[in-house]
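So the structure is just underneath, and the comments pick up after that.
Every heavy atom of this structure was used, including side-chain atoms; hydrogens, water molecules and symmetry mates were not.
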Amino acid sequence: MFTKKEPDPKKPETQQKNYQKYSKAQFAESRQLSRMEKDILAAVLLEQEAYTMEEAQQHIQQFMNGEAQ
């Protein structure tokens, strides 16, 4: 008999979505970011890498604090 699959309580859906990774080009097209944030990410992110939204926000903060390399 089939049973309804219960979501894993250790991984709520909201947390799973936060771990989705995006390319540099996808961040450039994002409607969630301001033009300035997109420009910062264009300068600091690597083309061949994928980043979560949280990682991208961290890169923006580091740049704004003068910690970017």
Side-chain angles (χ1 to χ4, degrees):
M1 181 171 207
F2 295 104
T3 59
K4 183 177 179 181
K5 183 177 180 183
E6 295 295 323
D8 186 355
K10 295 178 185 173
K11 296 181 183 176
E13 280 187 35
T14 55
Q15 283 185 346
Q16 289 177 355
K17 290 181 183 178
N18 291 340
Y19 294 118
Q20 187 170 358
K21 293 197 173 208
Y22 303 97
S23 68
K24 182 176 178 177
Q26 288 175 306
F27 282 114
E29 297 295 322
S30 174
R31 293 183 180 181
Q32 294 179 333
L33 300 171
S34 71
R35 184 151 185 107
M36 184 177 72
E37 290 172 324
K38 290 177 186 180
D39 289 342
I40 292 169
L41 292 177
V44 300
L45 297 184
L46 301 174
E47 287 288 337
Q48 65 275 15
E49 294 290 324
Y51 304 88
T52 64
M53 185 59 85
E54 183 178 302
E55 290 170 333
Q57 291 294 339
Q58 288 174 353
H59 282 286
I60 292 168
Q61 285 299 331
Q62 288 175 345
F63 183 87
M64 296 295 284
N65 292 333
E67 297 172 12
Q69 296 179 2

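From Gln57, atom CD reaches atom CG of Leu33 across 6.0 Å, with rounding to the nearest 0.5 Å. Between Lys38 atom NZ and Leu45 atom CG the span is 13.5 Å, to the nearest 0.5 Å. Once rounded to the nearest 0.5 Å, the distance linking OH of Tyr22 with CG of Leu41 reads 13.0 Å. The CG atom of Asp39 lies 10.0 Å from the CD atom of Glu37; values are rounded to the nearest 0.5 Å.
For the salt bridge (Lys or Arg N to Asp or Glu O under 4.0 Å) test, no residue two or more places apart in sequence or in another chain qualifies with Glu49. Applying the side chain to side chain contact (heavy atoms under 4.5 Å, CB included) rule to Glu55 yields the partners Lys21, Tyr51, Thr52; only residues at least two apart in sequence or on another chain are considered. Every residue two or more places apart in sequence or in another chain that forms a salt bridge (Lys or Arg N to Asp or Glu O under 4.0 Å) with Lys24 is listed here: Glu47.
Counting heavy atoms of neighbouring residues, nucleotides and ligands inside a 6.0 Å radius, atom CD of Gln48 exceeds 12 of them.
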